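Below is one structure, written out as structure tokens; comments come after it.
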Amino acid sequence: MPDPMRPPVSHHHPHTTSLRADHRPRAALRTAVVWEVLQDALERRVKATGREVLDVLDTGGGSGNFAVPVARLGHRVTVVDPSPNALFALERRAAEAGVADRVRGVQGDAHGLFDVVERGGYDAVLCHGVLEYVDDPAEGVRNTVAALRSEGVLSLLAAGLGGAVLARALAGHFKEARQALTDPDGRWGSGDPVPRRFTAEQLTDLVAGAGLGVTAVHGVRVFADLVPGVLVDTEPGALDALLRLEEAAAELPAFHSVATQLHVLGETRGSEEA
């Protein structure tokens with residue numbers, strides 16, 4: 001799976017200067033907004049703790065789309081994923097990036113998280129693309145929060161309900177769009193590959209219910225999945241303009257309801273005050 005981020009230079013770790021350019025710009029459209037928010041949160045944690053190296057947990061981190069760039073910033077990352085193949089790919093990717101000493105992969109899932117990692121041992125936890133698949137999303141969020149230190153940050157990314165409804169409608173599948181809109185899990189039918197989708201309100205309620213303060217909500221892939229690829233690839237400057245548009249719309253609540261994914265940043269009360 002292509003690396004979707006184009007991490008900027010870390011001022012704390014000069015050896016990461018080569019990360020500024022991403023040779024897969026189309027992929028950057030999908031999670032550039034998430035990366036910018038996450039990097040800013042990590043930088044704030046560095047300043048608040050006085051430690052340049054943070055301990056980061058990536059639940060469901062797969063082959064390292066986020067873990068490896070975070071490790072490139074100089075942080076230690078533990079990836080928990082149920083797939084041995086994904087963890088093997090993670091090991092290979094980390095080695096190719098020169099960060100194998102800062103990335104550790106362990107097999108497990110959100111339900112049995114503390115069978116494989118330390119409770120309360122992390123400055124930041126990433127929970128990306130996990131809640132759609134767990135039996136109890138509230139328990140999944142509580143587990144990730146329990147992995148945080150007394151001051152820490154949670155990055156939560158999940159499938160958005162409105163984006164799926166809009167996509168099915170624009171494809172002419174109106175019955176499926178209505179089904180997704182009315183289904184308790186946001187599914188458009190038995191062939192839907194995503195078990196569960198969320199609204200922004202549902203996700204923020206889960207984060208707040210686990211005891212964190214919600215500091216940011218962003219819509220992800222508001223336009224990127226709807227714009228014809230040929231337009232982005234052939235029109236000069238279209239890719240960069242679309243990326244700027246995604247960034248501008250991401251924070252506006254009006255666009256959260258049509259985003260393909262939703263990103264919520266939660267912080268412990270101490271972190272909010274720091």
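Sequence positions, counted from 1, serve as the residue numbers for this chain. Small disclaimer: the values here were computed from a predicted structure and weren't measured.
Here His256 pairs with nothing under the side-chain hydrogen bond (donor to acceptor under 3.5 Å, both in side chains) rule; sequence neighbours left out. By the side-chain contact (heavy atoms from CB on, under 4.5 Å) test, Leu113 pairs with Leu57, Thr59, Val80, Val117, Asn143, Ala147, sequence neighbours left out. For Asp40, the side-chain hydrogen bond (donor to acceptor under 3.5 Å, both in side chains) criterion is met by Arg44, not counting sequence neighbours. Not a single side-chain hydrogen bond (donor to acceptor under 3.5 Å, both in side chains) links Thr144 to another residue, sequence neighbours left out. In this structure, Arg187 has no side-chain hydrogen bond (donor to acceptor under 3.5 Å, both in side chains) partners at least two apart in sequence or on a different chain.
Separation of atoms CG (Leu156) and CG (Leu131) is listed at 5.0 Å; rounding is to 0.5 Å. Between atom CD of residue Gln261 and atom CZ of residue Arg221 there is a gap of 4.5 Å, rounded to the nearest 0.5 Å. Summarising the geometry, atom CG belonging to Leu87 is positioned 12.0 Å from atom CZ belonging to Arg92; distances are rounded to the nearest 0.5 Å.
With hydrogens and angles disregarded, no donor-acceptor distance shorter than 3.5 Å links the side chain of His173 to the backbone of Arg168. A donor-acceptor contact shorter than 3.5 Å is absent between the side chain of Ser63 and the backbone of Leu90. In this structure, the side chain of Glu176 does not engage the main chain of Gly189 through any donor-acceptor pair within 3.5 Å. Judged by distance alone, with hydrogens and angles left aside, the side-chain atoms of Glu267 form no donor-acceptor pair with the main-chain N or O of Val214 at under 3.5 Å. Side chain of Thr31 to main chain of Val34: no donor-acceptor pair is present (N/O by atom type, distance under 3.5 Å, no hydrogens or angles). Checking side-chain atoms of Gln107 against main-chain N and O of Pro82 turns up a donor-acceptor pair under 3.5 Å. No donor-acceptor pair closer than 3.5 Å links the side chain of Thr260 to the backbone N or O of Gly163. In terms of modelled atom types and a separation under 3.5 Å, the side chain of Glu201 and the main chain of Thr199 share no donor-acceptor contact.
At a threshold of 4.0 Å, the pair Glu139-Arg142 does not count as salt-bridged, since none of the basic side-chain nitrogens sits closer than that to a carboxylate oxygen. Between Asp101 and Arg76 there is no salt bridge, since none of the side-chain N atoms of the basic residue sits less than 4.0 Å from a carboxylate O of the acidic one. A salt bridge links Asp55 with Arg149; the closest basic N to acidic carboxylate O contact falls under 4.0 Å.
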For this session: Kindly determine whether Arg104 and Val77 satisfy side chain to side chain contact (heavy atoms under 4.5 Å, CB included), including the steps that lead there.
Result: CA-CA 6 Å; Arg104 179 174 71 102; Val77 187; over 6 Å; no
For this session: Before giving the answer on side chain to side chain contact (heavy atoms under 4.5 Å, CB included), spell out for Val194 and Trp188 the whole-Å C-alpha distance, their side-chain angles and the decisive distance to 0.1 Å.
Result: CA-CA 9 Å; Val194 179; Trp188 47 256; over 6 Å; no
For this session: Before giving the answer on side chain to side chain contact (heavy atoms under 4.5 Å, CB included), spell out for Val145 and Leu154 the whole-Å C-alpha distance, their side-chain angles and the decisive distance to 0.1 Å.
Result: CA-CA 7 Å; Val145 170; Leu154 169 67; 4.1 Å; yes
Exercise. Side chain to side chain contact (heavy atoms under 4.5 Å, CB included) between Tyr122 and Thr78: does it pass, once the steps are laid out?
Worked result: CA-CA 9 Å; Tyr122 298 90; Thr78 298; 3.9 Å; yes
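In this structure, the side chains of Val68 and Val99 come closer than 4.5 Å at one or more pairs of heavy atoms. Taking the side chain as every heavy atom from C-beta outward, Asp123 and Val56 never approach each other to under 4.5 Å. Using a 4.5 Å heavy-atom cutoff, the side chains of Pro137 and Leu206 are in contact. Side-chain contact between Val222 and Glu246 is present, with at least one heavy-atom pair separated by less than 4.5 Å. For the pair Leu148 and Thr268, the minimum side-chain heavy-atom distance is below 4.5 Å. A heavy-atom distance below 4.5 Å is found between the side chains of Leu42 and Leu38. You'll find the side chain of Trp35 reaches within 4.5 Å of the side chain of Val70, heavy atoms only. Annotation: side chain of Glu52 is not in contact with side chain of His75 (no heavy-atom distance under 4.5 Å).
Residue Phe88 places its CZ atom among 12 or fewer non-hydrogen atoms of other residues, nucleotides or ligands, all under 6.0 Å distant. Atom CZ of Arg51 is surrounded by more than 12 heavy atoms from other residues, nucleotides or ligands within 6.0 Å. In this structure, Glu91 places its CD atom where only 12 or fewer heavy-atom neighbours from other residues, nucleotides or ligands lie under 6.0 Å away.
Of all heavy-atom pairs between Gly61 and Val79, the closest is CA-CG1, 3.7 Å.
By the 4.5 Å side-chain criterion applied to Ile, Leu, Val, Met, Phe, Trp and Tyr, Val165 is assigned to a cluster that also includes Leu161, Leu181.
No continuous path of hydrophobic side-chain contacts links Val116 to Tyr133 [ILVMFWY only; heavy atoms under 4.5 Å]. When hydrophobic clusters are built by joining Ile, Leu, Val, Met, Phe, Trp and Tyr residues whose side-chain heavy atoms come closer than 4.5 Å, directly or via intermediates, Leu242 is grouped together with Val258.
If you run side-chain contact (heavy atoms from CB on, under 4.5 Å) between Val264 and each of Leu157, Val141, Leu212, Leu203, only Leu203 comes through. Just one of Asp183, Asp185, Asp192 meets the side chain to side chain donor-acceptor pair (under 3.5 Å) condition when paired with Arg197; it is Asp192.
Taking the six-membered ring for Trp and thresholds of 30 and 60 degrees, His263 and His218 have ring planes inclined between 30 and 60 degrees apart.
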